[in-house]
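This report refers to the structure that appears directly beneath it.
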Amino acid sequence: MTENGIGAAVRRKEDHRFITGKGQYVDDINRPNQLYAVILRSPLAHGKIKSLETDAAKAAPGVVAVFTGADMAAAGVGGLPCGWGITSSDGSPMAEPGHPPLAVDVVHHVGDQVAVVLAETKAAARDAVELIEVDYDDLPAVASLDAAGAEGAPLVWDDAPGNICFDWEIGDAAATDAAFAKAAQVVSIDIVNNRLIANAMEPRAAIGDYDSGKDEYTLFTTSQNPHVIRMLMGAFVLGIPEHKLRVVSPDVGGGFGSKIFHYAEEAIVTWASKQVDRPVKWTADRSESFISDAHGRDHVSHAELALSEDGEFLGLRVDTRANLGAYLSTFGPAVPTILYATLLAGTYKTPAIHARVRGMFTHTVPVDAYRGAGRPEASYLLERLVDRAAKVTGIDPIELRRRNFIKPDEFPYQTPVALEYDIGDYDAAVDKALELADYDNFAQRREESASRGKLRGVGIATYIEACGIAPSNVAGALGARAGLYEAGTVRVNPTGSVSVFTGSHSHGQGHETTFAQLVTEALGVDFDNVSIVHGDTAKVPFGMGTYGSRSAAVGGVALMNALEKIRTKSRKIAAHLLEASAEDIEFKDGKLTVVGTDRSVAFGDVAMAAYVPHNYPLDTLEPGLEETAFYDPKNFTFPAGCHICEVEIDPDTGVVDVVSFTAADDFGRIINPMIVEGQVHGGVTQGIGQALYEQCVYDDSGQLLSGSMMDYCLPRADNLPNFAVTTNVTPCTHNVLGVKGCGEAGAIGTPPAVINAVVNALSEYKIDDMPMPATPERVWQAIQSATN
Amino acid sequence: MEIKGEYQIDASREAVWDALNDPEMLKKCIPGCESLEQISATELKAKVMAAIGPVRARFDTRLSLENLNPPQSYTLVGESKAGMAGFGRGSAAVRLEESNGGTLLTYNADFKVGGKLAQVGSRLVMGATKKTADDFFGTFSRELDPGAMRMDIDEATGGAMNSMTWKAIGAAVALLLIWWFLLR
C-alpha cells in the first residue's frame, strides 16, 4: 500500500472547502442578469383547474413573465419521462400517465406545479404568485394504499383501473405453493414500511441559462447524475440535443436518492430562460421540498414463511402493495420490483420464493428511491419475519439465521429471485458483530436496566443488498431504459499532475479523496497532485452518476481501467526512453524501471515526453497521455452484514433509547476505511430515523400533515449512541478493485435490528409487533393495551 | 375538523340576530378584518389577515348564509383562500336560544384546511380557530353588552369567570404553545 493509496484512512480533500464555507452549491451561483422563479403549487390533492388568471401577477412590479401548463404545452414541451418500464404478470405494460412540468387542467397532488412567475427579485416573484387566481373544482382524492385500493375508489388516472400501475410477480408460484404444502409450520407477518421524506440538507435548486448568441443551454442543478438529466430533459422534455445542452451539478449537499430524478423545475427554468432570454434561478424552500422532492418507501406487505420441523426455510410468499404517488418518478416503478423483490432471498437458502407486487397510484407526491431503495423494504420484511419465526419455533434467532445462511462454499449462489450472489461469509459477519456487541453479556445488561426500571432489548438483523446495478443488457431486459455503466477519463498533464474526469457524482461521498487514492495507487503520483472533476457534462465525457452505492463499484472500476491504459502506454514510452522492451518495464511507486536493472525513469518524465515528444516513438505511438474507459459490470455487487441494536425502553413514557448499535459489514475491499465508517454512521442514523422517528403523514383528503420540521421528526445527535463499526472482507469476484459499495448498507440493516430490539424489550408484555416509527406514543399504548 | 362552542350574550335574541347580520358589526368583530363587503342579502366577501402558527396570510373569504331561520338559526358556509398559504373551507351551524334573560349562542363548525396551512399548521389550526372564534364572540358580546361572558360546553363550570379571565387563560396557553415549540 502506498501512503495515500488503497486502504489508507486519508482525510477528505473536499472538507477544507466545505468547513470553511467555500463550497459552491447551485444557490451560490448567480448568473448576470438572472431572474428568480417562484412556482405556484397546488393546495389540493386532486382538483380540476376551472380558471387560471395570471394578468394581475404579470402586471405586478418586477415581474417579467408568468407561464402556465398551457403555455408549455402550446410550445410542445413534453412530459417528464419514467426511466424504468415494468411489465405486469399478464404481459401488459405498466400504466404510464403523462407528467407535464406544469399541470394542465388537473392537479394530482398537493405541491403539483401550476404556474411559474419570473421576476427581478425573489421577493417580487413571491408577491406576484399570490396574485395568481386559480379556481379549482375540488375532486375526491386517495392518499393511502388502502384508500386507493378500496372498491369504487376515486381514480388518479382513468386509464389505471383500481389505481393499479402494474401487478407484477417474480419467482415460482407453483414451487412456493408446494413448499408451503409440505411445511411443518408457517409463520406470517403484516408489514408496513413507513413513508419517508429524504430531507437533504441542501434543498433542490436549478438555474436555466440560455445563450441566444450560441443557441445553447446550461442547466445548473442539484443532481446526483447530470448526464442522466441531460439525456432525460434534452431528449424527452425539451428536445435539446446533447451538444446544445450542458448540465452542471456542482457541490451538492446530500441526495440520498432524492436528487437522482429529473424534476419539473429543471425543465421549467431551462425552457423559461429561452422564452425571456435571461437566466432563471429557482431555489426550493424547505416547505417546498416536503411537497416536491420524491418521497421514499411506503409499502404494505403480507409475508409468509414455510419452515421444516427443524427450522429450515422451505418457502417464502410475499404480497406487497407499493405507493408510487400521483406520477411515475424517474425510477419509481423499479424500486418496489427489481430493487426490492429480487432481494427477498436475503442471506438465506430459501429454495422457493414468490412475490407479487402491485404498484399503485395515489394523490400524493411521487415516490422513488431513497437510501437503500427497495432493499431496506426487503430486509425489514425478511428480518422481522425471521425473528417472528424464531419466536414461534422457539429456536434462538441467531441459530435460526445461521441454519439457513448460504455458506461460503456455496457461492456463486443462484437465488430463486433472479440474482446470483458472487461471494459472502454471513457467519463471519455475525461472529464479528456478536463479539463487538458483547452479546454474551446481554443478560447482565438487561438486569442492570431492569434495576433502573427500564426494559432492555436486543435485536439482530442480517442483510444483503445489490449494488452497482448491472449489466446493462440484463437491466435492459428487466425494463431499464438506460445503460448502467460508468465512464472515467484520466488526463495526465505535461508536468505529471493528474486530472480525473468521472461520471460518478459526489454529494457527500468523498470521491475527490477516494478516487485520488486510486490514482496514487496506480501511478504513484502524489495525492495532492491529483484532482477529481465531476458534475459537468461539458468536462466529463459521460456518466450515469451516483446512486445505489455504485460509485466505487462501477465508477471506481471505470477509473481503474482508464488508469490501466495509462500504465500500459507509459510503459511503452518508458521502453523507448530506456531503450528496452515494454514487456520488461516495471511500473511501481511512480517509477518505470527495466526489470533487473537500475535503469529507470520517473513517471513525470514519461508524462513530459508524451507532451514534448522530441524523444518519442511517434511512428507507433500517439503523443499525449490521456485515456478514457467505460465499464459495464458483469453482475451486481452484494454487500452484506449483520447489525445488532440494543434499546432501553422507559415503560412509563414509551420512549425508546438506542443504547448501543453494532455494524459488521462486508463491503469487499475498502479504499478508505474512515470514509466507509462515515457512510455507515450516516446510513445507520437514517435507519434509526425510519425505525423510531420519521413518518410522512397525509390526511384522508391528501393533505400533507407532516410538512415541516415541526411535524416530521428527524433523528438528532442526542438520539444516537456511539456506533461500533467493523468490517469483514470478502472481495467482490468480478471487479478489479474487489469493492462492493457501502453507501446504503446502514439504512438497510438498521430498521429491522432496531424494531427487533424493541419487540425483544417488550417481550414480557407478549407484544410481538411494533410498527415503524416506534414512537413513545405507540410503545406506551402497546404497553397499556397489553397490561389492561 | 370539528369545533363547537357557546356564548351567553346579555342581549335579546333579535338584537343578536340583527348584529350577526350587520356587516359593520361583523367587520368590527372579526379579528384582522381588513374589508368586508355585502354582495347580496346572504353573501359576504371579506379580506382577513390571520396567523395560524407560522403561517401568516391574507385570507380572501366568501361567506354565505344558508338555512336562514330568523332569529333562531342559520348556517354559515365559507371558503377562504390565502394563495401560497393554502385554503380553508367549512360551515358552521349557529343557533340562538333565549336563556337567562339574554341569548345563548351555540355554534357547531366543521371545516378543513389545505396547502401550507395543513402542511405546517394543521396541529395549530384547531387552537387558532378556537381563538379566532373566541375573539370574535368576545368582541361581539362586548359590542352588544360590555358585561357578557362566555362558556365552553365542556368547560361550563367556568361560567363564573369573566371574559377577562378567559382572555388571560388564552394568552397563557398560547405562550405555553410557543415555548413548547421553541424547546422542540
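A quick note: this is a predicted structure, and the numbers were derived from the prediction, not measured. Any value given below was found using the heavy atoms of this structure, including those in side chains, with hydrogens, waters and symmetry copies removed. Below, chain A is the first sequence line, B the second, and so on; all start at residue 1.
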Quick one: closest heavy-atom pair of A:Pro43 and B:Gly86, and the distance?
-> CB-CA, 4.2 Å
Inspect the surroundings of CG in A:Asp135 and state if more than 12 heavy atoms from other residues, nucleotides or ligands are less than 6.0 Å away.
-> yes
Any side-chain heavy-atom pair from B:Gln119 and A:Ile291 closer than 4.5 angstrom?
-> yes
Find the one option among A:Val129, A:Val110, A:Leu704 whose heavy-atom pairs under 4.5 Å with chain B are most numerous.
-> A:Leu704
Here the pair of heavy atoms bringing B:Val120 nearest to A:Ser287 is CG1-OG, 4.2 Å
Chain B-proximal positions within residues 46-53 of chain A [heavy-atom distance under 4.5 Å] | none
Give the C-alpha distance, both sets of side-chain angles, the deciding distance and a yes or no for side-chain contact (heavy atoms from CB on, under 4.5 Å) between B:Phe87 and A:Leu44.
-> CA-CA 9 Å; B:Phe87 67 87; A:Leu44 291 175; 3.5 Å; yes
Is there side-chain contact between B:Met84 and A:Leu40, with heavy atoms separated by less than 4.5 Å?
-> yes
Under 6.0 Å from the CZ atom of B:Arg62, do we count more than 12 heavy atoms belonging to anything else shown?
-> no
Which pair of heavy atoms, one from A:Gln703 and one from B:Gly115, lies closest together, and at what distance?
-> OE1-N, 2.7 Å
To the nearest 0.5 Å, atom CG of B:Asp60 lies from atom CD of A:Glu133 at 6.5 Å
Which atoms of A:Val38 approach chain B - backbone, side chain, both or neither, heavy atom under 4.5 Å = side chain
So, the part of B:Ala57 with a heavy atom under 4.5 Å from chain A: the answer is neither
Does NZ in A:Lys58 sit with more than 12 non-hydrogen atoms of other residues, nucleotides or ligands closer than 6.0 Å?
-> yes
Evaluate whether atom CD of A:Glu120 has more than 12 neighbouring non-hydrogen atoms of other residues, nucleotides or ligands under 6.0 angstrom away.
-> yes
What part of B:Arg89 gets closer than 4.5 Å to chain A, counting heavy atoms only: side chain, backbone, both or neither?
-> side chain
Salt bridge between B:Lys112 and A:Asp699, side-chain N to carboxylate O under 4.0 Å?
-> no
Kindly give the heavy-atom pair with the smallest separation between B:Lys81 and A:Val134, and that separation in Å.
-> NZ-O, 3.3 Å
